[in-house]
Enquirer: 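Structure incoming, see below.
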Amino acid sequence: MAILFPMPKRYWLMKCEPAAYTIDDLARDGRTSWEGVRNFQARNFMRDDMQEGDEALFYASNADPSGVTGLARIARAGYPDPFAWKKGHKYYDEGSTAAKPVWYSVDLAYVATFPAVVSLETLKNTKGLEQMMVIRKGSRLSVQPVTKSEFDIVARLGSKRGR
DNA sequence: GCCAACGTTGGC
DNA sequence: GCCAACGTTGGC
C-alpha cells in the first residue's frame, strides 16, 4: 500500500516558454495548474509518476538565455486536464472525456527563484549533468525526469549569487 | 527568423 | 505497418 510504502520523492524538469509562463508568474501566483501538455510521454510522467511533494526544476525554453530559472514543487499529483474538455479552447481535444481522459495536469507550487538563470550552456558544462535529457540536441520533451543528484547540483548552482 | 530534430497524421 | 508530409519545438 502506498501508505505503508510511500514512493520515494522524484525530481523533474518542467519546460515552459517565458511568453506563456515564468517563474515570476509562479512566484506571484504561489501555485498554478500545469495544463496543456499534449505529448504522450510527458503525459505518462504526469499521470503515472508525479507525486505531491516531488520537486522540479523550472526551465525557461526559447528564452535569452534558456535555462533553469527556479524551483517548484508538485502540489497535486496527476489529474485529468479539464482544458481538454473546454470546447473551443486551444487545449480542447474531443477524444478526451470525463470517463476516459486522455490528457493530464498537475499543480505546481512556487519554491524559489534563482538570483541568476542557470543557463543551458552552464548545464552543458557542469560535471555530473552529462546525462541530463535537456542538454541533448533535439530534446523536446517538456516534462523530464532528473535524478536527485542532478537536481541538487542545479539547485546549488542556482542558489549562488552573481554568477 | 532560420532550420534541424522530432512527434503525429494519414494515405496506401 | 510503412513512411512521406506536415506541424511544432526550441537552440541559435
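Just so it is clear: chains get the letters A, B, ... in the order the sequence lines come, proteins before strands, and each one is counted from 1. All values below come from the heavy atoms of this structure, side chains included, with hydrogens, waters and symmetry mates left out.
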Enquirer: Parallel, tilted or perpendicular: which fits the ring planes of A:Y11 and A:F151, with parallel below 30° and perpendicular above 60°?
Expert: tilted
Enquirer: Establish, yes or no, whether a centroid distance under 6.0 Å links the rings of A:F45 and A:W12.
Expert: yes
Enquirer: With a 4.0 Å cut-off, would you call A:K148 and A:D152 a salt bridge?
Expert: yes
Enquirer: Walk along nucleotides 5-12 of chain C from 5' to 3' and tag each nucleotide B, S or - by protein heavy-atom contact under 4.0 Å, base first, then sugar-phosphate.
Expert: --BBBBBS
Enquirer: May I ask you to establish whether A:R76 and A:Y79 are in a cation-pi arrangement, using a distance under 6.0 Å from NZ or CZ to the six-membered ring centre and at most 45° from the ring axis?
Expert: yes
Enquirer: Pick one: which of A:K86, A:R47, A:R38 meets salt bridge (charged side-chain N to carboxylate O under 4.0 Å, His left out) with A:D81?
Expert: A:R38
Enquirer: With nearest nucleotide decided by heavy atoms, which residue, A:K137 or A:F40, maps closer to the 5′ end of DNA chain B?
Expert: A:K137
